Amino acid sequence: MNIVIAGAGIAGLSAAEAARKENPKCEVVLFSREAQRPYFRPRLPQVVSGEAASDAIYVHPEEWYRQPGLEFRLGETLLEVNPETRQARGSLGSRLTYDALLVATGAVPFMPDAARNFTLPGVFPLRTLTDASALRQTAKSSRTAVLLGSGLLGLELGFALTRMGLTVHVLEMGGRVLPLQTTPKSSAKLQKLLEAKSFVFHLGAEAERAEGAERLERVVLKSGAGINCDLMAVSAGVTAAAELAVPLGLKTDRGIVVDQFMETTRPGVYAAGDCAQTPDRRGGMWSIARAEGLAAGRNIVQEDPARRVPYVPVAPSAILKVAGIDLTSVGNIDPEGKLPFSEHEEGDSYRKVVTSPAGLMAGFTVLGNREGVAELTRAVNKKSLDAGMLEALSGPGFDFKRLDALPG
Ligand SMILES: Cc1cc2nc3c(=O)[nH]c(=O)nc-3n(C[C@H](O)[C@H](O)[C@H](O)COP(=O)(O)OP(=O)(O)OC[C@H]3O[C@@H](n4cnc5c(N)ncnc54)[C@H](O)[C@@H]3O)c2cc1C
């Protein structure tokens, strides 16, 4: 069986591994648009700050890609596919016929108008190793950065820039820092901690345009205020890279629509990772892209559809890797406070645990330490029944081992 995979991010790579493990006789051709072998994308902020050892960034050593049954086409984009003849063509001239195809093309950064319309140097997205190197080069000789977006990735990038000595002005359209992973309380605490680390926050603020004669000099906000700066980094979300859906005639929505087996609307064509939209509509995370890739790889090699195994969604988990500040959010943290919850506060630390109305563990956020994070994560993934434990969780000295004993 010949399998072609477009995209060698964690989804494509995990699928290749799973397919070869499930059916060692299958032949996998892995196309990678990027010129570097697969690397840990979440470590890019440390590449910007210069803290990531160059070898530690890569998922596997070079030799790994020379195993029998795997053909790795580095630096070659899968350009054309013909779903009728099952033929594919790569940008470096490869032509091949496949039995099954996996689209694992990831996502591309969303660039707001203020960033997209400015064509001179000084504006940077951060998605690839190439982006990270370019950003680092400019940051080395810069003093002030404007950062669009205060999501997890933006804050980690902002922190990398502060480590290089820059002052970072963060523009956040919403009313609080890290809006998707915090509650109003944990966000206010987090903002205070970050302000002590050379971050300047502009909440409810949006960039109108960038200005500069030969390169970026200033970002003007919709309010009319201006911020003089040397670079603008953009972390305003991503869009699924779903171009191949057009020639393949696949249904798309926010990504390529797949079923519980990671198969698209065209039989024999699978999709996984940031480019895919699973029935639970979650994505944009390393662990999820990996789990989807593994499921797609296992299923794509099954000649008997009855042997396929459904993808089991993993609860989204977010960990802020800004030195000295621990923030973990897993599952539904219900920022609006509509579901049953308990809170525990102590100095700069904060914990909120949320259950469904029926008492099933739904999510939690812990700021300031990692106490109970492993047990709480297991309880959320197991959808444990809380059985009246919420109140005890609001007190100090809670024994988190009690969570492991809860029925799932
Ligand atoms: C800076 C940064 C920090 C992050 N931090 C975290 C974090 O802390 N925790 C977390 O859970 N997630 C994090 N993420 C998100 C996580 O990295 C992604 O969700 C994950 O990498 C998605 O994997 P993927 O394989 O679906 O896509 P990608 O990693 O985007 O890989 C897709 C690959 O396919 C290539 N490609 C596209 N089209 C083609 C084609 N036609 N032919 C060949 N190749 C093609 C692309 O160039 C790319 O190399 C972060 C992301 C970034 C950018």
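Start at 1 with the first residue, then count along the sequence. Atoms within a ligand are numbered from 1 in the order they appear, just like the ligands themselves. Note that the structure is predicted; figures quoted are calculated from it, not measured.
- At the top of the distance list for atom 53 (C) of ligand 1, counting protein heavy atoms only, stands L126 O, 3.4 Å.
- Residue contacts with ligand 1, taken as heavy atom pairs separated by less than 4.0 Å, involve T77 via backbone and side-chain atoms alike.
- Looking from atom 34 (O) of ligand 1 to the surrounding protein, the closest heavy atom is G7 CA, 3.2 Å.
- Selection from T105, L44, D274 by nearest heavy atom to atom 39 (C) of ligand 1 gives T105.
- For atom 17 (O) of ligand 1, the nearest protein heavy atom (residue, atom name, distance) is R41 CB, 3.4 Å.
- Counting atoms of ligand 1 from 1 in the listed order, those under 4.0 Å from a heavy atom of A289 are 22 (C), 23 (O), 26 (O).
- Residues D113 and R116 are paired through a salt bridge, judged by an N-O separation under 4.0 Å between the basic side chain and the carboxylate.
- The protein heavy atom nearest to atom 41 (N) of ligand 1 is L78 O, 3.0 Å.
- Under 4.0 Å from ligand 1, the heavy atoms of A104 that appear belong solely to its backbone.
- Looking at R33, R43, E292, it is R33 that brings a heavy atom closest to atom 44 (N) of ligand 1.
- Of the heavy atoms in A107, only backbone atoms (N, CA, C, O) come closer than 4.0 Å to ligand 1.
- Ion pairing of D274 with R127 is present here, as a side-chain N (NZ or NE/NH1/NH2) and a carboxylate O approach within less than 4.0 Å.
- Between the side chain of K352 and the backbone N or O of F341, no donor-acceptor pair lies under 3.5 Å.
- Put simply, the side chain of R218 never gets that close to the backbone of N228: no donor and acceptor are under 3.5 Å apart.
- Residue-environment remark: CE (M173) stays at or below the threshold of 12 foreign heavy atoms within 6.0 Å.
- Tested against F72, the residues W64, F31, Y65 include a single ring pair (Phe, Tyr, Trp, His ring centres under 6.0 Å) partner, Y65.
- When hydrogens are left out, the protein atom nearest atom 52 (C) of ligand 1 is L153 CD1, 3.4 Å; that is the closest non-hydrogen contact.
- Here the straight-line distance linking atom CG of L129 with atom CZ of R37 works out to 10.5 Å at 0.5 Å rounding.
- Comparing heavy-atom distances from atom 14 (N) of ligand 1 across G273, P109, P42 singles out P42 as nearest.
- Residue-environment remark: CD (E336) exceeds the threshold of 12 foreign heavy atoms within 6.0 Å.
- Tested against L30 for a side-chain contact (heavy atoms from CB on, under 4.5 Å), the candidates I3, I5, L74 yield a single pass: I5.
- Of the protein's non-hydrogen atoms, G9 CA, 3.3 Å is the one closest to atom 31 (O) of ligand 1.
- Among all non-hydrogen protein atoms, the one lying nearest atom 16 (C) of ligand 1 is W286 N, 3.7 Å.
- The protein heavy-atom contact nearest to atom 8 (O) of ligand 1 is K321 NZ, 2.7 Å.
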